[in-house]
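Have a look at the structure below, then the notes.
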There are 2 protein chains.
Amino acid sequence: MAEDVFKALADPTRRRILDELTERDGQTLFEICTRLVTKHGLGLSRQAISQHLAVLESAGLVRSRRQGRYKFHDLNTEPLERIANRWLRSDRPESTP
Amino acid sequence: MAEDVFKALADPTRRRILDELTERDGQTLFEICTRLVTKHGLGLSRQAISQHLAVLESAGLVRSRRQGRYKFHDLNTEPLERIANRWLRSDRPESTP
DNA sequence: TTGATAGGCAAGCCGTGACTTGCCTATGGT
DNA sequence: ACCATAGGCAAGTCACGGCTTGCCTATCAA
């Protein structure tokens with residue numbers, strides 16, 4: 001549950017993927033692959049990204065919908081909102097200016 | 001920097017320590033040790049907790065002040081506020097009901 | 001139907017991190 | 001001065017996680 005969210009966020013590549021999905025939602029595996037390589041210069045295999053996406057999905061941070069031979073990935077921020085309030089429950093920080 | 005914050009939060013024992021410090025701030029190593037053992041039933045050595053505190057401190061999540069032979073540990077939520085706004089920047093979540 | 005595209009499964013390598021053990025330093029009480 | 005307390009340092013063990021490699025399945029286009 002929330003346990004997996006922290007482990008999912010522990011890896012920098014997975015955080016990059018979340019960044020990618022915030023910028024453009026509903027990307028496919030190959031799209032994420034190429035964008036990570038070209039924009040961030042990460043030399044990762046397709047399997048590596050696939051496994052990262054599996055971790056993110058089992059943590060509830062990413063939802064996937066299959067459509068034909070494509071599988072689109074959508075960001076889900078709901079688990080993030082919960083962990084944000086774990087140690088900041090008294091008052092939330094003001095949004096960045 | 002923020003990189004270390006995620007790695008620091010990845011371990012469940014370290015999150016327990018943060019929980020302990022939110023409940024009572026300014027605890028010493030032995031206090032945290034005994035409370036983790038008694039309240040949460042964790043059978044950890046003193047060194048383990050000490051190393052965890054070092055990780056939390058280098059991540060900026062814990063500040064320590066030495067006083068005589070005691071070393072008190074204080075929680076610092078400022079790094080948490082920043083990572084909370086990384087993927088939630090568009091709109092703030094409503095506080096938990 | 002065939003070939004190319006999009007993705008999945010499984011085993012294996014390897015580095016990093018968590019924890020222990022043993023010993024050392026320093027402060028404070030009596 | 002002496003001993004117990006509070007904490008630090010360093011090396012070593014061990015399991016888990018990230019990544020690769022190789023092969024397999026499924027969908028679309030020609």
Side-chain angles (χ1 to χ4, degrees), chain A residues 1-21 24-38 40-59 61-74, chain B residues 1-21 24-38 40-59 61-74:
Chain A
M1 304 254 102
E3 199 74 359
D4 307 306
V5 181
F6 291 102
K7 293 210 301 184
L9 292 174
D11 187 82
T13 304
R14 285 197 283 269
R15 296 196 294 271
R16 281 275 158 76
I17 293 177
L18 292 184
D19 290 335
E20 259 325 301
L21 290 179
R24 166 128 80 89
D25 214 14
Q27 293 191 57
T28 166
L29 170 60
F30 273 76
E31 285 178 303
I32 300 175
C33 249
T34 54
R35 295 187 78 169
L36 283 182
V37 171
T38 62
H40 302 280
L42 300 181
L44 288 175
S45 75
R46 179 182 55 87
Q47 299 303 325
I49 312 292
S50 178
Q51 288 167 11
H52 281 309
L53 282 172
V55 173
L56 288 171
E57 191 167 0
S58 77
L61 289 163
V62 162
R63 298 265 170 79
S64 68
R65 46 190 163 94
R66 189 122 202 192
Q67 196 169 346
R69 61 173 163 177
Y70 299 101
K71 189 181 178 187
F72 301 105
H73 300 270
D74 301 291
Chain B
M1 305 252 105
E3 199 76 356
D4 308 306
V5 180
F6 291 101
K7 293 209 300 184
L9 293 175
D11 188 82
T13 304
R14 284 197 285 268
R15 295 196 294 271
R16 280 276 159 75
I17 292 177
L18 292 183
D19 290 334
E20 255 330 297
L21 289 179
R24 166 128 78 91
D25 214 14
Q27 292 191 58
T28 165
L29 170 61
F30 274 75
E31 285 177 303
I32 300 174
C33 250
T34 53
R35 294 187 79 168
L36 283 183
V37 171
T38 60
H40 303 279
L42 301 181
L44 289 174
S45 74
R46 180 183 56 88
Q47 298 303 327
I49 312 291
S50 179
Q51 288 166 11
H52 280 310
L53 282 172
V55 173
L56 288 171
E57 190 166 2
S58 75
L61 289 164
V62 162
R63 298 266 169 77
S64 68
R65 48 193 161 90
R66 188 121 204 190
Q67 195 169 346
R69 62 173 162 175
Y70 300 101
K71 189 181 180 187
F72 302 104
H73 300 271
D74 300 291

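All chains are named by letter (A, B, ...) in the order of the sequence lines, taking the proteins before the strands, and each is independently numbered beginning at 1.
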Short side-chain N/O contact to D/dG7 OP1/OP2 from B/S50, under 4.0 Å: no
Separation of atom CG in A/L53 from atom C1' in D/dG17, rounded to whole Å: 16 Å
Rounded interatomic separation in angstrom, taking NZ from B/K71 and P from D/dG7: 9 Å
Interatomic distance where CD belongs to B/E57 and C1' belongs to D/dG8 [whole Å]: 13 Å
Atom-pair distance (CG on A/L29; P on C/dC9), nearest Å: 13 Å
Distance (rounded to the nearest 0.5 Å) between B/H73 NE2 and B/R63 CZ: 14.0 Å
Rounded distance (Å) that lies between atom P of C/dA6 and atom CZ of A/F72: 11 Å
Test side-chain hydrogen bond (donor to acceptor under 3.5 Å, both in side chains) applied to A/R24 - qualifying residues, sequence neighbours left out: A/E31
Under 3.5 Å donor-acceptor, A/R15 side chain and A/L9 backbone: yes
Interatomic distance, A/F30 CZ vs C/dA4 P [rounded to whole Å]: 15 Å
Point-to-point distance, once rounded to the nearest 0.5 Å, from CG of A/L18 to CG of A/L61: 6.0 Å
Exam field: side chain B/Q27 to backbone B/E20, donor-acceptor pair closer than 3.5 Å: yes
Side-chain N,O (B/T28) to OP1/OP2 (D/dA6) below 4.0 Å: no
Per-nucleotide protein contact string for nucleotides 18-30 of chain D (B base, S sugar-phosphate only, - none; heavy atom under 4.0 Å): SBBBB----BS--
Pairs meeting criterion side-chain hydrogen bond (donor to acceptor under 3.5 Å, both in side chains) with involvement of residues 42-53 of chain B, two or more places apart: B/R14-B/H52
Whole-Å distance separating the CD atom of B/Q27 from the P atom of D/dG7: 11 Å
